[in-house]
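Following: one structure in structure tokens, then a few remarks.
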Amino acid sequence: MEFKPLSDSFFQQPTITLARALLGKLLVKETELGTVSGWIVETEAYIGPEDRAAHGFENRRTKRTEVMFGPPGYAYTYVMHTHCLINVVSGEIGSPEAVLIRALEPCGGIDLMYQRRGKGKKELELTNGPGKLTKSLGIVKEDYGRAMFEYPLFIAEGKEIGSILVGPRIGIHNSGEAVHYPWRFWVQDNRFVSK
DNA sequence: CGCAGGATCCGCT
DNA sequence: GCGGATCCTGCGA
């Protein structure tokens with residue numbers, strides 16, 4: 001299968017809008033071992049200045065958050081415990097905003113996904129969580145700052161999806177009032193959604 | 001330089 | 001459901 005990256009202008013929309021627009025799109029990573037892809041079925045928006053749960057809360061600018069202050073469409077990867085998570089930088093230059101990709105429905109390169117995740121895994125366990133999907137696709141912290149409108153890591157046109165459901169985000173219970181913000185989006189009835 | 005705290009996952013109860 | 005694994009980042013001393 002061959003995929004073509006969306007243009008950089010796709011990422012130039014408000015973070016919440018982009019988080020919804022990413023649903024159904026394809027996330028693709030190419031490596032020497034092959035190409036792996038999956039349809040995005042779950043996202044979360046993080047809007048730094050006003051969002052206690054975001055790493056860029058109150059415009060906190062560090063080496064780690066730096067990429068979020070730049071233009072949209074670049075990868076913000078970081079390590080959580082033993083896992084790597086991936087966000088798409090969004091919003092205006094100077095404002096630390098991003099969309100976390102939480103789950104995919106496998107599209108291509110499924111054999112390679114099993115190889116990376118371990119043989120005994122079920123198909124559902126390949127990509128139904130933010131740390132799992134990066135492992136299946138071979139996304140690593142070295143992808144930090146990479147443009148996501150160019151090979152080898154990019155967003156491509158996907159497929160039509162059904163209804164989008166909305167709810168509070170996951171795993172941010174120590175974030176005060178931000179706990180309740182309805183900034184998680186997922187495709188209704190898709191079994192790969194993480195929760 | 002030390003330490004506390006995670007946007008998680010997995011296995012066991 | 002719960003706790004441990006495990007490791008990087010940010011901050012304070």
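Order of the sequence lines fixes the chain letters, A, B, ..., with proteins taken first and strands second; residue numbering starts at 1 for each chain.
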Worksheet item: NE2 of H55(A) versus P of dT9(C): gap in Å, rounded?
Response: 11 Å

Discussion item. Rounding to an integer number of Å, can you tell me how far W186(A) CH2 sits from dA7(B) P?
Written reply: 19 Å

Practice prompt. Before accepting this row, confirm whether a basic side-chain N of the pair E44(A)/R102(A) lies closer than 4.0 Å to the acidic partner's carboxylate O.
Written response: yes

Item to complete: Applying salt bridge (charged side-chain N to carboxylate O under 4.0 Å, His left out), name anything that partners E97(A), two or more places apart in sequence or on another chain.
Response: none

Discussion item. Taking the minimum atom-to-atom distance to the side chain of K132(A), which one of dG10(C), dT8(B), dC10(B) wins?
Written reply: dC10(B)

Worksheet item: So what does I172(A) touch, heavy atoms closer than 4.0 Å: a base, only the sugar-phosphate, or nothing?
Response: sugar-phosphate

Response to the item:
N87(A) CG to dT8(B) P, in whole Å, measures 11 Å

Worksheet item: With under 30° as parallel and over 60° as perpendicular, where do the rings of F11(A) and F149(A) fit, or are they tilted in between?
Response: tilted

Worksheet item: Is any side-chain nitrogen or oxygen of R60(A) closer than 4.0 Å to OP1 or OP2 of dT9(C)?
Response: no

Worksheet item: Reckon R117(A) touches a base, only the sugar-phosphate, or nothing at all at heavy-atom distances under 4.0 Å?
Response: sugar-phosphate

Fill in: Spacing between R61(A) atom CZ and dT9(C) atom C1', to the nearest angstrom
18 Å

Item to complete: For the pair Y78(A) and Y76(A), name the ring-plane relationship: parallel under 30°, tilted 30 to 60°, perpendicular over 60°.
Response: parallel

Worksheet item: So which pairs with a foot in residues 107-120 of chain A pass side-chain hydrogen bond (donor to acceptor under 3.5 Å, both in side chains), sequence neighbours left out?
Response: T31(A)-R116(A)

Worksheet item: Is E125(A) paired with K135(A) through a side-chain N to carboxylate O contact shorter than 4.0 Å?
Response: no

Item to complete: Would you indicate, yes or no, if dA7(B) has its OP1 or OP2 atom less than 4.0 angstrom from a side-chain nitrogen or oxygen of R102(A)?
Response: no

Discussion item. Tell me the interatomic distance from H83(A), atom NE2, to dG4(C), atom P, rounded to whole angstroms.
Written reply: 16 Å

Discussion item. Output the rounded distance in Å from OH (Y78(A)) to P (dG10(C)).
Written reply: 12 Å

Protein and nucleotides 6-8 of chain C: nitrogen or oxygen contacts under 3.5 angstrom:
unit_1	atom_1	unit_2	atom_2	d
dC7(C)	O4'	H81(A)	O	3.4

Discussion item. Could you tell me how far apart K195(A) (NZ) and dC10(B) (P) are, to the nearest whole angstrom?
Written reply: 17 Å

Worksheet item: Which heavy-atom pair separates G138(A) from K29(A) by the least distance, and what is that distance?
Response: O-NZ, 2.9 Å

Practice prompt. Look at all strands and tell whether R169(A) reaches a base, only sugar-phosphate, or nothing, counting heavy atoms closer than 4.0 Å.
Written response: nothing

Response to the item:
In Watson-Crick or G-U wobble terms, with both distances under 3.5 Å, the base opposite dA7(B) is none

Worksheet item: Can you check the K122(A) NZ to dG11(B) P distance for me, whole Å?
Response: 11 Å

Worksheet item: For dT6(C), which nucleotide is its Watson-Crick or G-U wobble mate, given both distances must be under 3.5 Å?
Response: none

